[in-house]
Amino acid sequence: MSLEIRVEPAAAERLYGVCDYYDAESLLTEDERRVLGRLRDFLDREAKPLLADYWERGEFPAQLARPLIDLDLMEPAELTGPGPERSPARGIYQGFRIFELARTDASLATWYTAQAGLFRTAIRVGASAEQQAEWMPRVVDFSLKGVFSLTEPESGSDIAGGLSTTARRDGDNWILNGAKRWIGGASTADVLAVFARDVADGQVKAFLVDREAAGVTLEKIHRKTSLRMMQNAHITLDGVRVPESMRLHGVNSFKDVAAMLRAMRSDVAWIATGIQAGAFEAGLRYVRERRQFGRPLGSFQLVQEKLARMLGNLTASLSLVVRLTEQQARGIYRDQDSALAKMQSCLAMRETVALARELAGGNGITLESDVARFHADAEAVYSYEGTHEINALIVGRALTGESAFAR
Ligand SMILES: Cc1cc2nc3c(=O)[nH]c(=O)nc-3n(C[C@H](O)[C@H](O)[C@H](O)COP(=O)(O)OP(=O)(O)OC[C@H]3O[C@@H](n4cnc5c(N)ncnc54)[C@H](O)[C@@H]3O)c2cc1C
């Protein structure tokens with residue numbers, strides 16, 4: 001019997017090295033790896049030096065936006081082929097793109113995903129074929145920037161039943177009244193995808209609202225302690241007039257919104273996994289360099305147990321999102337699948353970032369060590385796109401057939 005000996009590629013040749021313990025990266029093509037490698041170079045060179053400073057100031061480093069867009073990451077021509085007939089980039093590539101961004105910074109990943117995930121999904125799921133033909137190319141090249149405006153001041157988890165922004169038909173126009181909260185990226189968007197309840201039939205509809213339309217007011221949400229670089233807005237809509245042509249014709253009830261959320265939750269599970277990779281790497285770096293009792297921290301048994309636990313969380317999360325993405329590539333989309341991935345990856349993330357912070361001791365609470373940024377930013381990711389409880393209840397409903405949201 002001959003044993004085939006597989007020579008492992010050196011960690012340096014792989015994009016994700018020790019963060020990708022079971023080599024999920026091998027599912028990527030060479031071309032996909034090349035695009036992701038370009039993203040990596042950009043983030044290392046241009047983004048990383050800015051992060052601590054902009055986080056502390058609570059501002060987004062606007063100078064990164066154009067170069068990030070110019071990297072052509074959403075549907076890179078070299079992965080999709082030229083022309084309108086091109087095939088979309090694969091889900092596994094899209095997932096690793098989010099992973100790479102989040103491994104560097106959660107705000108950068110959230111900023112990119114606001115357009116490439118939330119807004120694009122609103123158009124893909126909610127727009128008619130004619131609207132898609134007109135808008136989608138502009139969504140992909142960011143010449144039409146948009147955000148997803150669903151949450152309201154008085155309704156977060158119970159938005160399906162609680163959504164109270166109203167839409168009233170008036171000839172060829174609609175009149176919108178209400179308020180939206182937490183809307184990420186609104187201050188730099190061209191249009192806000194606003195969900196409102198039609199007063200005539202009580203159903204939820206969606207509208208692309210010009211950010212500068214009369215009656216739209218945006219206020220920055222200040223004093224955040226998490227995702228400080230990402231800008232979130234409180235939006236007031238006071239008699240805002242929107243033409244019927246700007247209504248998303250495929251959104252006729254909350255069911256259509258739920259289909260969007262299903263797709264977006266998977267992206268957040270990739271973000272939670274990327275954050276773990278960033279925190280794990282930062283923690284590992286720290287315990288290799290820092291010495292106590294005359295030895296590197298990494299040589300102590302209790303420190304190694306923490307490292308192993310972090311790697312276990314990260315590897316489990318990465319395996320979960322990779323498998324979910326494979327299922328979705330086969331056309332299997334179920335609410336409970338993305339809810340489970342979002343819930344579980346975020347649980348693991350919370351432990352991983354806390355362990356990373358712990359490994360760095362006092363230095364773990366200053367922005368000089370990356371672990372502090374990951375630790376703080378993880379809290380927003382834990383709560384957005386469905387809290388732990390709401391995602392657990394979606395899974396519970398699928399398991400038992402009983403809806404337990406309001407008991
Ligand atoms: C940084 C950030 C960015 C965001 N970006 C966007 C965006 O771009 N667009 C957008 O539309 N929204 C956005 N959101 C909103 C986000 O989706 C909501 O914050 C989230 O859905 C939770 O709603 P809530 O904050 O109102 O919490 P609440 O719904 O008030 O919940 C508070 C707590 O009560 C728990 N709870 C609620 N109901 C139940 C129940 N039935 N059983 C058990 N526990 C329950 C929740 O799990 C949570 O722990 C963002 C939020 C944040 C923090």
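Numbers for residues simply follow the sequence, beginning at 1. Computed from a predicted model, the values in this text were never measured in an experiment. All ligand and atom numbering here is 1-based and tracks the order in the structure.
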Can we say E78 and R38 salt-bridge, meaning some charged N sits less than 4.0 Å from an Asp/Glu carboxylate O? yes
For L150, atoms of ligand 1 separated by under 4.0 Å from a heavy atom: 11 (O)
Aromatic ring centroids of Y112 and F142 under 6.0 Å? yes
Any salt bridge linking R265 with D337? Criterion: basic side-chain nitrogen under 4.0 Å from a carboxylate oxygen. no
Provide, to 0.1 Å, the distance between atom 10 (C) of ligand 1 and the closest protein heavy atom, together with that atom's residue and name. T151 OG1, 3.3 Å
Nearest protein heavy atom to atom 23 (O) of ligand 1, by residue and atom, and its distance? G156 CA, 3.4 Å
Any idea which protein heavy atom is nearest atom 4 (C) of ligand 1, and the distance to it? W182 O, 3.3 Å
Under a plain distance cut-off of 3.5 Å, with no hydrogens placed, do T387 and Y382 share a side-chain donor-acceptor pair? no
protein heavy-atom neighbour closest to atom 42 (N) of ligand 1 works out as L393 CD1, 3.9 Å
Is there side-chain contact between L163 and E152, with at least one heavy-atom pair below 4.5 Å? yes
Atom 27 (O) of ligand 1: closest protein heavy atom, distance to 0.1 Å, is S157 OG, 4.2 Å
among protein heavy atoms, the one nearest atom 45 (C) of ligand 1 is E389 CB, 4.2 Å
Counting from 1 in the order shown, the ligand 1 atoms closer than 4.0 Å to a non-hydrogen atom of E385 are 17 (O)
I need the atoms of ligand 1 closer than 4.0 Å to a non-hydrogen atom of G184, numbered in the order shown. 7 (C), 8 (O)
How close does the nearest protein non-hydrogen atom get to atom 20 (C) of ligand 1, and which residue and atom is it? S383 O, 3.6 Å
Regarding R169 and D198, does a basic nitrogen lie under 4.0 Å from an acidic carboxylate oxygen? no
Taking R228 first and then E59, would you say they form a salt bridge - that is, a charged N and a carboxylate O separated by under 4.0 Å? no
Only one of V242, N177, V216 clears side chain to side chain contact (heavy atoms under 4.5 Å, CB included) with L237; which? V216
For atom 22 (C) of ligand 1, the protein heavy atom that lies nearest, with its residue and separation: T387 CG2, 3.7 Å
Atom 34 (O) of ligand 1 within contact range, any protein heavy atom under 4.0 Å: no
Between CD1 of I92 and CZ of R97, what distance do you get to the nearest 0.5 Å? 12.5 Å
Heavy-atom distances under 4.0 Å decide this one: backbone, side chain, both or neither, for D158 against ligand 1? neither
